Amino acid sequence: MGQFSGYTVEAMDVDPEPNLGGKDEAKEKPILVILVGAPGSGKSTFCDHVMRLATRPWVRICQDAIGNGKAGTKNQCLTAAASALKDGKSVFIDRCNLSREQRADFVKRVGPEVEKHAVALDLPAKLCISRSVKRTGHEGNLQGGKAAAVVNRMLQKKELPKLNEGYARITVCQDKKDVQAAINMYTALGPLDKLPPGFFGQKNSDSKVQQGIMKFLKKKDPPECSDAVVYIASENIQSHATKEKDSNQVLESCEEQKKTSVGSSISLENAPTLAFPSISTADFHFNLEKASDIIVEKVEEYVNKLGNARLVLVDLSQNSKILSLVRAKAAEKNIDSKKFFTFAGNITNLYSDGGLHCNAIANVTNWRLKPGGGGVNAAIFNAAGPALETATKAKAKSISSGKAIVVPLPSSSPLFSREGVTHVIHVLGPNMNPQRPNCLNNDYVNGCKILRDAYSSLFDGFASIVRTQEELCKYSFEKITEGEVQLDQGSRNGGQKAKRETVCEADMNKKYKSFVKELGPNVGSSGDGSTGGQITKAWGAWAQALYDTAMHPERHKNIIEMSDDVVVLNDLYPKAQKHLLVLARVESLDRLEDVHKEHVTLLKTMHSVGLKWAEKFLSENSSLTFRLGYHSVPSMRQLHLHVISQDFDSNHLKNKKHWNSFNSPFFRDSVDVIDEVSQNGKAVLKDENVLSMELRCHRCQSAHPNIPRLKAHISSCQASFPAFLLQNGRIVFSEGKDANS
DNA sequence: GTTCTAGAAC
DNA sequence: GTTCTAGAAC
């Protein structure tokens with residue numbers, strides 16, 4: 001493996017600890033932490049845990065407690081916060097703060113002398129409900145009780161905090177492990193310390209993929225994690241309900257950590273990501289063939305050194321020559337497409353425009369590190385505002401070719417608040433353009449060497465950013481062990497304590513040695529198709545039945561209507577009292593993904609045929625309601641429209657996938673599909689990960705721990721359908737029937 | 001898509 | 001011990 005030996009992080013213009021730049025300031029800056037979470041999400045517990053061991057002075061401002069027995073007000077909280085901050089104390093705002101509006105006053109009220117953070121405890125509704133029910137002493141009925149309704153209602157209005165509200169840092173916790181990591185991080189934060197800025201945590205559930213990966217890794221002694229607050233979706237909801245014993249929470253978290261920590265390294269969507277343009281190929285006229293070889297060579301060298309971090313080559317146009325060259329060469333070398341891929345888009349808008357979250361972006365700059373010129377350099381300096389120029393000046397006055405300079409981006413920069421970019425890495429490549437300084441006059445021997453150096457410096461710079469987060473992660477885990485011992489005293493006997501401690505420590509040590517260990521070769525290919533090269537999965541033999549029915553209806557029984565365009569049949573395994581399928585009779589129209597503008601008429605035909613059947617059933621039984629729609633990713637080949645009654649009263653409805661395939665965004669209402677295809681030429685698709693979401697009643701939205709309990713609930717739930725479903729004819733009712741009855 | 005079943009959760 | 005889920009095989 002000779003090619004791996006050349007570069008460690010050494011001799012380059014990179015700040016070894018770019019995130020800890022707060023050191024030189026060496027003055028206390030109080031922090032305002034706005035906690036965000038429903039009742040029962042653990043906001044008060046969070047504060048208690050941190051304040052118990054922290055060396056930084058904290059004040060908890062709790063709306064429930066501030067009113068001396070009476071209900072407190074937001075204004076009381078605001079005043080108390082201002083006065084504590086003035087005293088140099090750091091502050092937790094312990095109230096729900098679920099909407100942007102609720103939070104805005106707190107952010108507005110304090111100036112730049114205070115660092116503003118948000119910590120969102122975005123835990124499963126079920127857990128919050130069970131806790132709040134328990135806390136208020138109500139017994140039993142976790143699903144139907146008033147607490148459930150209240151929490152569910154509050155959560156429907158939930159807006160997770162965004163950087164553009166004005167925070168330097170946001171931490172989103174989506175399970176108990178995330179919460180524990182955040183507690184440890186804030187506990188460890190001394191009066192002079194600073195946490196890395198940016199957005200940490202993830203919005204979308206991805207549990208299915210992660211569980212699968214975790215299982216795989218469990219067997220293989222996996223590589224370990226990066227980010228203290230990387231989202232892990234795998235925690236089992238049921239385990240919350242039953243294992244939750246507050247007195248043991250810290251100990252349990254440690255155990256859970258062992259079980260789930262594996263997943264944290266593979267939270268790919270949330271992995272540290274560097275977006276970089278091709279160096280020197282634009283204005284510096286470097287040969288594209290040679291440049292693409294070097295990009296792929298360097299990516300191959302680094303991609304496995306970077307743990308779960310991702311590298312993304314960005315260019316403006318989808319037709320970019322360099323992107324396609326690199327794509328082809330990377331594919332040839334079988335580079336893991338989850339860890340390296342190309343992306344067409346503006347590097348200053350990757351998140352807001354392309355939904356791609358990159359915490360670092362590379363800027364191909366000029367030797368003076370000045371804004372302007374053109375291309376990427378102008379665009380990035382422009383988008384980042386004067387903050388980048390100032391921060392860059394503080395680091396260096398110039399840059400030589402083949403080098404990179406890491407610049408932490410101040411949170412005042414729009415690139416930070418809008419795009420979540422925390423670092424810009426300036427890099428200067430070799431120049432082959434006689435119109436530009438230091439032209440190499442086609443000396444490609446030297447040029448290639450410099451270009452290689454440039455990519456090495458760039459990726460090393462990125463590695464140093466990633467590693468700083470690793471360090472922090474390590475630090476906070478060390479604190480777990482410490483904290484555990486202290487919290488432990490008095491509640492456990494010594495022997496047990498020592499044993500647990502050793503286990504945790506051993507585990508941690510193993511974890512952090514493996515920072516640059518590469519992932520197993522199978523991991524990357526278990527595709528979610530969301531980024532990079534997607535592989536269209538082949539249809540199994542069992543998946544051909546509908547295709548055959550559509551093409552040769554005469555060979556099948558069970559068909560209730562047939563025309564040139566469609567075949568209608570009862571679903572062989574109906575998931576409700578009435579469940580039928582309208583098949584499209586078009587060759588090679590296997591699924592919704594294949595549907596384009598030319599199929600709009602067919603979609604409308606399918607819809608009207610389905611609607612006609614729904615109306616027929618309604619005339620026979622007016623208590624039914626129907627939905628018509630498609631699965632985002634069907635299991636059976638041949639485009640088919642589901643017409644399904646909303647009772648879901650069927651023995652064939654057996655598992656989570658069954659339920660969520662009809663009651664999550666995975667189910668695309670026919671009316672919406674028709675609109676989207678008419679307007680955009682394609683329908684929005686949700687990937688299969690949503691199928692492992694928690695189980696929620698399709699009427700009252702209450703959460704349920706398993707299928708039998710859910711079914712018991714829906715058999716009697718009379719709540720009206722959510723407003724969304726009552727619009728645009730998504731739900732079909734009997735004529736004259738009120739939507740709420 | 002379903003069935004079967006190991007093993008996790010209760 | 002029983003219930004329930006999730007993965008593999010088909």
Side-chain angles (χ1 to χ4, degrees), chain A residues 124 126-127 130 140 142-143 175-176 205-220 233-245 252 255-256 258-260 262-263 522-523 525-528 537-550 556 558 567 569-576 579-583 590-592 629-644 648 650-664 666-667 688-696 703-714:
Chain A
K126 167 107 184 33
L127 176 60
S130 90
L142 302 187
Q143 279 77 47
D175 61 33
K176 263 159 80 176
S205 164
D206 197 16
S207 61
K208 193 181 173 196
V209 164
Q210 294 193 347
Q211 279 170 354
I213 290 172
M214 277 173 56
K215 199 151 208 182
F216 167 76
L217 288 169
K218 258 183 199 166
K219 300 174 201 153
K220 301 264 171 169
S234 55
E235 207 174 321
N236 187 318
I237 295 163
Q238 284 181 43
S239 76
H240 280 309
T242 51
K243 284 204 311 200
E244 190 198 349
K245 293 168 228 119
E252 275 184 11
E255 290 185 323
E256 280 175 23
K258 280 187 288 173
K259 278 187 266 165
T260 58
V262 186
N522 293 345
V523 176
S525 54
S526 62
D528 67 357
K537 69 174 177 202
W539 301 102
W542 49 262
Q544 305 289 348
L546 295 179
Y547 171 74
D548 201 59
T549 307
H556 297 261
N558 187 14
V567 171
L569 70 157
N570 285 305
D571 194 299
L572 190 56
Y573 299 95
K575 303 298 185 294
H579 183 185
L580 46 82
L581 305 177
V582 181
L583 304 184
D590 290 343
R591 50 184 158 178
L592 199 45
Y630 301 86
H631 286 159
S632 288
V633 185
S635 298
M636 304 284 278
R637 178 182 174 191
Q638 197 64 15
L639 183 70
H640 54 282
L641 172 70
H642 290 269
V643 178
I644 185 164
F648 296 105
S650 162
N651 291 331
H652 295 294
L653 199 161
K654 292 176 175 166
N655 58 44
K656 211 173 212 182
K657 182 173 178 179
H658 290 156
W659 177 259
N660 282 331
S661 71
F662 291 101
N663 293 288
S664 78
F666 186 84
F667 187 82
E688 288 163 293
N689 298 327
V690 298
L691 296 177
S692 46
M693 294 194 331
E694 59 188 341
L695 297 166
R696 280 181 181 277
H704 300 265
N706 56 43
I707 288 289
R709 298 268 286 275
L710 172 75
K711 290 178 91 170
H713 168 83
I714 58 169

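First the proteins, then the strands, lettered A, B, ... as listed; each starts at 1. On a predicted model such as this, the values are computed, not experimentally measured, just so you know.
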Quiz item: Rounded to the nearest Å, what distance is computed from the CD atom of residue Glu688(A) to the C1' atom of nucleotide dA6(C)?
Solution: 14 Å
Quiz item: If you look at every heavy atom in Leu653(A) and Lys575(A), which pair is closest and at what distance?
Solution: CD1-O, 3.7 Å
Quiz item: Does OP1 or OP2 of dG1(B) have a side-chain N or O of Lys657(A) closer than 4.0 Å?
Solution: no
Quiz prompt | Check: Ser664(A) side chain, Ser661(A) main-chain N or O, donor-acceptor pair, under 3.5 Å | solution = no
Quiz item: Atom CG of Leu572(A) and atom P of dT3(B): how far apart are they, to the nearest Å?
Solution: 9 Å
Quiz prompt | Exam field: side chain Lys711(A) to backbone Ser650(A), donor-acceptor pair closer than 3.5 Å | solution = yes
Practice problem: Would you indicate which nucleotide in dG1(B), dT3(B), dT5(C) comes nearest to any side-chain atom of Lys654(A)? | Solution: dT3(B)
Self-check item: Phosphate contact (dG1(B) OP1 or OP2) by His658(A) side-chain N/O below 4.0 Å
Solution: no
Quiz item: Nearest to the side chain of His631(A) - dT2(B), dC4(C), dG1(B)?
Solution: dG1(B)
Quiz item: Which nucleotide in the list dT2(B), dT5(C), dG1(B) gets nearest to the side chain of Asn706(A)?
Solution: dT5(C)
Quiz item: Nearest of dT5(C), dT2(B), dA6(C) to any side-chain atom of Ile707(A)?
Solution: dT5(C)
Self-check item: Nearest-Å distance for atom pair CE/C1', residues Met636(A) and dT2(B)
Solution: 10 Å
Quiz item: When you check the phosphate oxygens OP1 and OP2 of dG7(C), does a side-chain N or O of Lys656(A) lie under 4.0 Å from one of them?
Solution: no
Practice problem: Grab the CD1-P distance between Ile644(A) and dG1(B) for me, whole Å please. | Solution: 10 Å
Quiz prompt | Face-to-face contact Tyr573(A) to dG1(B) six-ring, under 5.5 Å, under 30° | solution = no
Quiz prompt | Value in whole Å for how far the C1' atom of dG1(B) lies from CG of Asp590(A) | solution = 15 Å
Quiz item: Does the ring center of Phe662(A) lie less than 6.0 Å from the ring center of His579(A)?
Solution: yes
Exercise. Could you tell me the separation between the CG atom of Leu695(A) and the C1' atom of dA6(C), rounded to a whole number of Å?
Key: 13 Å
Practice problem: For the residue pair Tyr573(A) and His652(A), categorise the inter-ring angle as parallel (less than 30°), tilted (30 to 60°) or perpendicular (more than 60°). | Solution: perpendicular
Quiz item: dT5(C) C1' sits how many Å from Lys711(A) NZ, rounded?
Solution: 14 Å
Quiz item: Atom CG of Asn655(A) and atom P of dC4(B): how far apart are they, to the nearest Å?
Solution: 15 Å
